[in-house]
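Structure, as structure tokens:
As the structure is a computational prediction, the values presented were derived from the model and not from experiment. Any value given below was found using the heavy atoms of this structure, including those in side chains, with hydrogens, waters and symmetry copies removed.
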Amino acid sequence: MLRRALPRRPEARRILVGTLLSSIGRGLTLPFLFIYLTDVRGFSDPRAGLVIGWYGVVTLALSPLGGTLIDRFGARRVVLPCLLVSAVGTGSLALVSGTASAFAVITLIAIGSSAIWPGQNTILASLTDPDEQQRVYGLNFALLNLGVGVGGLISGAVVDVTRPVTFQLVYLLDALSYLIPALILLSLPRVGHRITGTGPGGRVVSAGGYLAVLRNRPFRRLVIFGLVLTTCGYAQLEVGFTAYAVRVAEVTPRVVAWALAGNTVMIVLSQLLMLRRMEGRSRTGGLALVGAVFAGAWLVLGAAGQIGPGNALVAALGVVACATIFGFGETMLSPVMPALTNALATDELRGRYNAMSSMIFGVSGVIGPVTAGPLIGAADGRIWVAIVVGGCLAASLLALSLRGLLTPAQDGRPPATAPPRTPLPTA
């Protein structure tokens with residue numbers, strides 16, 4: 001299955017190696033920024049939350065510009081500087097001492113991160129054929145999670161709040177990890193250049209910008225689906241899931257850590273199998289199934305909240321099961337969403353399409369955490385459960401409504417073949 005999922009071109013395989021190695025560095029620091037700012041640098045909880053939230057605001061604001069620059073100058077000329085800026089910013093986290101320096105460093109990291117993901121998706125699209133893109137994007141997501149999981153295990157054994165130098169070490173290692181995909185891209189001089197449309201006489205034809213992207217009716221429907229699904233799905237993992245598990249289901253933070261580990265294990269172990277099962281099947285049907293799986297995961301968490309105060313073991317199992325089921329849904333979403341985005345994109349606007357797809361997670365990442373707290377505080381979290389379950393099911397309906405707007409090739413289905421014609425009898 002791994003051999004089948006690997007892209008045909010060696011350049012694309014090297015890009016995937018960069019994803020794996022750099023994500024190990026990301027995993028070293030991903031779970032610990034809040035703890036580092038509060039327990040090591042002495043920030044209050046609200047101040048640390050503002051610093052972390054500022055990252056999302058800057059990234060969201062700059063993502064459209066990143067897509068424009070990718071289309072205008074090529075992904076290579078945008079991704080390389082962004083990787084270097086992110087490396088400098090991440091390494092500088094080891095030196096923050098106050099609010100001003102923390103905001104400055106987070107701003108630097110956000111500037112670098114704003115175009116890396118859409119740029120890398122654009123590069124992968126240029127290095128893969130349409131029939132393999134879904135598999136490659138799924139493998140990319142599995143490698144990303146594998147690296148983050150490995151990095152998290154390493155840092156969990158290293159960091160110690162009584163020794164700030166341990167946190168400084170992992171941030172410096174994370175900074176170095178950004179240089180790996182940069183070096184790989186530098187070793188591929190023909191990869192990631194600008195793709196332009198030309199008219200008579202070689203004249204460059206204007207592609208129309210984001211207005212042209214938004215005029216694409218199927219893509220508009222895909223964006224609406226993504227906003228609903230991620231607001232009621234992904235965006236709830238960081239705040240809603242954790243807050244409900246601890247406050248309503250009354251499990252310990254260690255159980256939450258086990259649940260997130262179960263999520264990662266599910267993704268790594270089942271991604272290749274799901275890629276094989278989804279090949280040749282409707283992408284919109286897969287997206288609809290993702291919404292149903294996410295809704296099922298939240299229902300399991302809701303049940304854990306009702307049982308939790310009286311049975312700690314059942315509550316813990318419910319919380320872990322929720323995150324694991326959610327991971328199963330992610331294995332279907334991760335290959336389909338970018339593959340469908342790039343199936344709808346034109347070469348001249350591919351950077352903008354990928355940037356707008358990434359913006360979905362930025363917008364929902366602001367809405368989800370802001371609304372989760374008040375909703376969980378009302379009616380013992382039952383209102384929150386009802387809204388996220390209903391939202392995920394609504395996303396399933398949106399996905400099904402998208403099918404009629406797509407060609408069989410865009411939807412990932414084999415084209416319908418006409419029955420063979422019976423030859424006329426000859427005299």
Are any of the side-chain heavy atoms of Y137 and N121 separated by less than 4.5 Å?
yes
Side-chain contact, heavy-atom cut-off 4.5 Å: V319 with Y244?
no
For the side chain of R350 and the backbone of N342, is there at least one donor-acceptor N/O pair under 3.5 Å apart?
yes
Which atoms form the tightest heavy-atom contact between G327 and M266, and what is the distance?
C-CG, 3.8 Å
Expected output: side-chain R76 to main-chain L185 donor-acceptor under 3.5 Å
yes
Does R47, at its CZ atom, have more than 12 non-hydrogen atoms belonging to other residues, nucleotides or ligands within less than 6.0 Å?
yes
Quick check: closest heavy atoms across A212 and Y353, and the distance to 0.1 Å?
O-OH, 4.4 Å
So, T90 and D174: side-chain donor and acceptor under 3.5 Å apart, yes or no?
no
Within a strict 4.5 Å, meaning less than it, do heavy atoms of the F141 and T331 side chains meet?
no
Hey, does the side chain of N140 reach the backbone of V136 with a donor-acceptor pair shorter than 3.5 angstrom?
no
Results of side chain to side chain donor-acceptor pair (under 3.5 Å) for Q306 - residues two or more places apart only:
none
Over 60° means perpendicular and under 30° means parallel, so classify the ring planes of Y36 and Y171, tilted if in between.
tilted
Donor-acceptor side-chain pairing of S334 and Q271 below 3.5 angstrom
yes
Just checking R217: does its CZ atom have more than 12 heavy atoms from other residues, nucleotides or ligands closer to it than 6.0 angstrom?
no
Checking the side chain of Y178 only, and the main-chain atoms of V85 only, is there a donor and an acceptor separated by less than 3.5 Å?
no
Could you check V388 against L375 for side chain to side chain contact (heavy atoms under 4.5 Å, CB included), going step by step and ending with a plain yes or no?
CA-CA 10 Å; V388 295; L375 290 173; over 6 Å; no
Go through the steps to decide whether Q134 and V336 satisfy the test side chain to side chain contact (heavy atoms under 4.5 Å, CB included), and finish with yes or no.
CA-CA 6 Å; Q134 184 165 298; V336 171; 4.1 Å; yes
Start with the C-alpha distance between L222 and L287, add both sets of side-chain angles, then the distance that settles side chain to side chain contact (heavy atoms under 4.5 Å, CB included), and finish with yes or no.
CA-CA 10 Å; L222 180 65; L287 293 178; 4.0 Å; yes
Parallel, tilted or perpendicular: which one describes the rings of W298 and F326, with boundaries at 30° and 60°?
tilted
Starting at CZ of R220, measure out to CG of L344 and round the result to the nearest 0.5 Å.
12.0 Å
Within a reach of under 6.0 Å around CZ of R277, are more than 12 heavy atoms found that belong to other residues, nucleotides or ligands?
no
Which residues satisfy the side chain to side chain donor-acceptor pair (under 3.5 Å) test with E11, sequence neighbours excluded?
R9
Write down the atom of F225, the atom of A395, and the distance for their closest heavy-atom approach.
CD1-O, 3.1 Å
From L146 atom CG to T19 atom OG1, the distance as rounded to the nearest 0.5 Å:
12.0 Å
Within this structure, what is the CG-OG distance for the pair L108 and S92, rounded to the nearest 0.5 Å?
6.5 Å
Do V170 and T166 come within less than 4.5 Å of each other through their side chains, counting heavy atoms only?
no
Quick one: does S113's side chain have a donor or acceptor within less than 3.5 Å of a partner on A110's backbone?
no
Heavy-atom closest contact (I325 atom, V293 atom, distance):
O-CG1, 3.4 Å
Could you go through L179 and L84, starting from their C-alpha distance and side-chain angles, then the distance that decides it, and tell me whether this counts as side chain to side chain contact (heavy atoms under 4.5 Å, CB included)?
CA-CA 7 Å; L179 301 180; L84 296 178; 3.8 Å; yes
Donor-acceptor check, side chain of S114 to backbone of I111, threshold 3.5 angstrom: yes or no?
yes
A side-chain contact here means heavy atoms from C-beta on lying under 4.5 Å apart; do T68 and Y210 qualify?
yes
Interatomic distance, CG@L16 vs CD@Q120, rounded to 0.5 Å, equals 10.0 Å
Which heavy atom in C232 sits nearest to a heavy atom in C392, and how many Å separate them?
O-SG, 3.6 Å
If the condition is salt bridge (charged side-chain N to carboxylate O under 4.0 Å, His left out), which residues does R41 pass it with, not counting sequence neighbours?
none
Going by heavy atoms in the side chains, are W384 and L301 under 4.5 Å from each other?
yes
Regarding T264 and N145, do their side chains bring together a donor and an acceptor under 3.5 Å, going by distance alone?
no
R281 side chain to G412 backbone, donor-acceptor under 3.5 Å:
no
Exceeds 12 heavy-atom contacts within 6.0 angstrom, atom CZ of R413
yes
Expected output: side-chain S126 to main-chain I123 donor-acceptor under 3.5 Å
yes
Got a donor-acceptor contact below 3.5 angstrom from the E132 side chain to the A5 backbone?
no
Quick check: does any side chain N or O of T341 sit under 3.5 Å from a backbone N or O of M337, one acting as donor and the other as acceptor?
yes
Which heavy atom in A297 sits nearest to a heavy atom in C322, and how many Å separate them?
O-SG, 3.3 Å
Do M356 and L214 have side chains that approach each other closer than 4.5 Å (heavy atoms only, starting at C-beta)?
yes
State the CG-OG distance between L340 and S357, to the nearest 0.5 angstrom.
9.0 Å
Answer yes or no: is there a side-chain heavy-atom contact under 4.5 Å between T59 and S63?
yes
Any donor-acceptor pair under 3.5 Å linking the side-chain atoms of D411 with those of T284?
yes
From R72 atom CZ to L69 atom CG, the distance as rounded to the nearest 0.5 Å:
7.5 Å
